[in-house]
Number of protein chains: 2
Amino acid sequence: MLENESNIEKEIKMIPEPTLRRFPQYIHLLKRLRKESTQYISSTTIADELELDSIQVRKDLAITGVVGKPKLGFDIDELISALSNILNWDNSTDAFLVGAGSLGSALLGYKNFNQYGLNIVAAFDNDPNKIGKTISGIEVLPLEKFGNMVERMKVHIGIITAPPEAAQKIAEVMVQSGIQAIWNFSSIHLKVPFNIIVEDALLTQSLGVLTHTLSEKLKKEIAVLEKQ
Amino acid sequence: MLENESNIEKEIKMIPEPTLRRFPQYIHLLKRLRKESTQYISSTTIADELELDSIQVRKDLAITGVVGKPKLGFDIDELISALSNILNWDNSTDAFLVGAGSLGSALLGYKNFNQYGLNIVAAFDNDPNKIGKTISGIEVLPLEKFGNMVERMKVHIGIITAPPEAAQKIAEVMVQSGIQAIWNFSSIHLKVPFNIIVEDALLTQSLGVLTHTLSEKLKKEIAVLEKQ
DNA sequence: TTTTAATCGATATATTTGTATCGATAAAAA
DNA sequence: TTTTTATCGATACAAATATATCGATTAAAA
């Protein structure tokens, strides 16, 4: 090791986002495979299962620091724990949810989040009809209480499942309250200070790709039929 | 125009996926702005609102064929209709949903899908407790009826909101029934024939990016504090 | 009318991401 | 024990995507 290689620089090597987005896929697959009591898995097999390129899989997994064995592949348990650690899915982080409509309720009911290191501990809304209700064991509180509770419970993650008109205002409340990261299910782009993390769930983006690709496919099929 | 420039080739210029994923964002913004009775918008303003690069916005919008006016920008209505047309959000496409759990129910209750050219017309499940129930005005039918109904109603889109264990089997039923495009909310990777479109909603991917980025941020902040 | 300045859109460059090549390694077969 | 072969991982190359530059255009100001 060179003498002037600082450990700060070592931390700075950011993980490419496409790679980061493949990590959950790897974890899902590896957990499934572990149940079938396989111990090792090769990059080729992973690539095959997820329809990726095996070189890409190897490059991605290289980031975890887990080293593979020639002719065998990687130790599944090692990979799972390394990947979970990178995503911080190996310990539980509390989150507050704002917007107790249908999507909000669905997320509150989705117990598997614990598997992904997320623990929704409270829900908030403005609507008097919703306040006081209990959804999947979590009481809906008035939005005014948000700030105090963030401070008291030292919560870092806020989830926005409110309609687009309300989303920006809610984001601002979250930022003021000390929330550090926002998971945004509203379709609008949130404007927040540079140091606040925003991750969009992008449902409409995904839907857009689907509807566009399908319509192109159907057009092409019609074009082919007409030519015959 | 050159004589051997076929119109097939013209159709083949695929839209880059990152661009396609930004289109919904543009539409959301433009619709909001239209309400404020602005007629023209510049790429600079769009970039500013969505925190993108103005050159990128211009390049994206160039794909629509809409031409901007120097010093003014683009006609908002023209952009909205061109973008909606590309995404096929200007006419309604029917879809069937499989998996009437909490997420499925949330999607059934999400009336705004009509705005995105999607119309969920029926829901299916295996669970006898769910079959027969009505969710947001849509009756839950037994999965066995899926095939017949796809054929009869000529539905092209299937939505999977079932748990991961069931997802692959459901995908196979969908493909056999003649579904052309699947919107997959399960966390697993679906294996389907090459000509079937699969679009993943990728909730856990998005969550992974969030939890990872947050944990890095917190780590860094602690490191800075310790140095002082 | 002339000048100014904001914007477009074409072309060129840089960055990021993905894919290919190939020697080294070690498990399994001969 | 020796040979074979599947796999890793480093390095090199290719493709896709994002960013920069700059002349042309035209609305609005002078």
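Residue numbers begin at 1 in each chain, while the letters A, B, ... track the order of the sequences. Not measured: the values here are computed from a predicted model. Reckoned from all heavy atoms, side chains included, excluding hydrogens, waters and symmetry mates.
- A donor-acceptor pair is defined here as one N or O able to donate and one able to accept, closer than 3.5 Å; no such pair exists between the side chain of A:T38 and the backbone of A:Y40.
- Of the side-chain N and O atoms in A:R22, one or more sit less than 4.0 angstrom from OP1 or OP2 of C:dG18.
- A donor-acceptor contact shorter than 3.5 Å is absent between the side chain of A:Q205 and the backbone of B:R22.
- Here the side chain of B:N184 pairs a donor or acceptor atom with the backbone of B:I188 at under 3.5 angstrom.
- As a whole-Å value, the separation of B:R21 CZ from D:dA18 P is 12 Å.
- A donor-acceptor pair is defined here as one N or O able to donate and one able to accept, closer than 3.5 Å; no such pair exists between the side chain of B:S92 and the backbone of B:L118.
- If you measure from atom CG of A:L52 to atom C1' of C:dT19, you get 13 Å, rounded to the nearest angstrom.
- If you measure from atom CD of B:Q56 to atom P of C:dT16, you get 14 Å, rounded to the nearest angstrom.
- Between the CD1 atom of A:I46 and the C1' atom of D:dA6 there is a distance of 15 Å, given to the nearest Å.
- Counting heavy atoms from C-beta on, the side chains of A:I41 and A:L33 come closer than 4.5 Å.
- Counting to the nearest Å, the P atom of D:dA16 and the CD1 atom of B:I63 are 14 Å from each other.
- Between A:Y116 and A:H28, the ring planes lie perpendicular to each other; the angle is over 60°, past the 30° to 60° tilted range.
- Atom-to-atom, CD of A:E78 to P of D:dC8 comes out at 13 Å; the value is rounded to the nearest Å.
- Rounded to whole Å, the distance from CG on A:D75 to P on D:dT7 is 16 Å.
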Base contacts versus sugar-phosphate-only contacts with protein, heavy atoms under 4.0 Å: please encode nucleotides 3-15 of chain C as B, S and - from 5' to 3'. --BBBBB--B---

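- Rounded to whole Å, atom C1' of D:dC13 lies 14 Å from atom CG of A:D53.
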